[in-house]
Amino acid sequence: MSESAKWYVVHTYSGYENKVAATIQKTVENRHLEDMIFDIRVPMETVTELHDTGAKEVERKMFPGYVLIKMIMNDDSWYVVRNTRGVTSFVGPGSKPVALTDKEVAALGMEKLEVKLSYEVGDSVKVIDGPLEGFIGVVDEIDLANHTVKVTVSMFGRGTPAELKFGQVAALEK
């Protein structure tokens with residue numbers, strides 16, 4: 001994928017989000033624009049609704065009236081998206097679309113980064129940052145979702161559990 005592709009937010013008529021996303025996707029396929037428009041999403045969340053009959057999990061739009069598009073912004077891609085039936089505008093001042101920042105994209109969970117660690121559960125690691133810097137410990141648990149690792153470090157002859165970020169520990173050379 002191109003490095004210049006960014007996520008943009010498109011405002012649509014309320015209730016037309018899925019139709020707009022499908023129409024843009026079909027246009028991309030028909031006009032062979034896969035090298036300019038990479039991904040089209042309507043962010044959804046699972047919510048538990050309480051009814052007389054009990055709790056029920058339902059999918060709900062996170063941002064009604066908006067569609068997120070990962071694309072390279074140029075005249076052609078702008079024209080295709082802007083002239084899709086149901087699209088009212090790009091989000092940004094005037095007619096200038098503003099891309100989401102990397103921080104905003106991460107907060108939305110739109111792109112998952114694959115994490116490769118040089119250690120696994122049971123391996124010995126050295127704490128390289130934070131108040132426990134210099135201590136050696138054993139990995140008890142790895143939490144990929146929160147980018148944390150639970151390590152038991154030996155302090156004063158006792159095992160002390162600590163939860164650290166991935167960047168705070170390094171594998172010991174074997």
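No hydrogens, no waters, no symmetry mates; every other heavy atom, side chains included, goes into these values.
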When you measure from the side chain of [X] to the backbone of [Y], do you find a donor-acceptor pair of N or O atoms at a distance under 3.5 Å?
X: R82; Y: T88; answer: yes
X: T101; Y: E104; answer: yes
X: N83; Y: V80; answer: no
X: E17; Y: G15; answer: yes

To the nearest 0.5 Å, how far apart are [atom1] in [X] and [atom2] in [Y]?
X: R31; Y: D76; atom1: CZ; atom2: CG; value: 9.0 Å
X: T84; Y: I24; atom1: OG1; atom2: CD1; value: 4.5 Å
X: E163; Y: T148; atom1: CD; atom2: OG1; value: 4.0 Å
X: K26; Y: E29; atom1: NZ; atom2: CD; value: 6.0 Å
X: R158; Y: T152; atom1: CZ; atom2: OG1; value: 14.0 Å
X: L100; Y: I69; atom1: CG; atom2: CD1; value: 11.0 Å

Validation row: [X], [Y] side chains within 4.5 angstrom (heavy atoms):
X: I128; Y: V169; result: no
X: S77; Y: I72; result: no
X: D39; Y: W7; result: yes
X: M155; Y: L132; result: yes
X: K61; Y: M44; result: yes
X: V67; Y: Y8; result: no
X: V149; Y: Y119; result: yes
X: V125; Y: V151; result: yes

Practice item. In sequence, state the C-alpha distance, the side-chain angles, and the governing distance for F166 and I142, and then conclude on side-chain contact (heavy atoms from CB on, under 4.5 Å). Key: CA-CA 9 Å; F166 286 163; I142 297 174; 3.9 Å; yes
For the hydrophobic clusters of this structure (ILVMFWY residues joined by side-chain heavy atoms under 4.5 Å, transitively), does one cluster hold both [X] and [Y]?
X: V91; Y: L68; result: yes
X: M62; Y: V9; result: yes
X: Y79; Y: V98; result: no
X: V20; Y: V42; result: yes
X: M73; Y: V81; result: yes

Practice item. Take V10 and Y66 through the side-chain contact (heavy atoms from CB on, under 4.5 Å) test and state the conclusion after the steps. Key: CA-CA 6 Å; V10 176; Y66 295 94; over 6 Å; no
Review point. Using 4.0 Å as the upper bound for N to carboxylate O, is an ion pair formed by E49 and K56?
Key: no
Exercise for review: Please lay out, stage by stage, how T46 and E59 fare under the test side chain to side chain donor-acceptor pair (under 3.5 Å).
Suggested key: CA-CA 5 Å; T46 304; E59 288 255 311; 3.0 Å; yes
**Study point:** D143 CG: over 12 foreign heavy atoms closer than 6.0 Å
**Key:** yes
Review point. Is it the case that more than 12 heavy atoms not belonging to E133 sit under 6.0 Å from its CD atom?
Key: yes
Exercise for review: Compare every heavy atom of S124 with every heavy atom of V138, then report the nearest pair and how far apart it is.
Suggested key: CG2-OG, 4.3 Å
Check your understanding: Where do E141 and V121 come nearest, in terms of heavy atoms and distance?
Key -> CA-CG2, 4.2 Å
Practice item. Show the numbers, then the answer: is there a side-chain contact (heavy atoms from CB on, under 4.5 Å) between N74 and M36? Key: CA-CA 8 Å; N74 60 27; M36 285 194 289; 3.0 Å; yes
Check your understanding: Step by step, would you call V87 with H11 a side-chain contact (heavy atoms from CB on, under 4.5 Å)?
Key -> CA-CA 6 Å; V87 171; H11 188 260; over 6 Å; no
Exercise for review: Give me the ring orientation class for W78 and F90: parallel if the planes are under 30° apart, tilted from 30 to 60°, perpendicular past 60°.
Suggested key: parallel
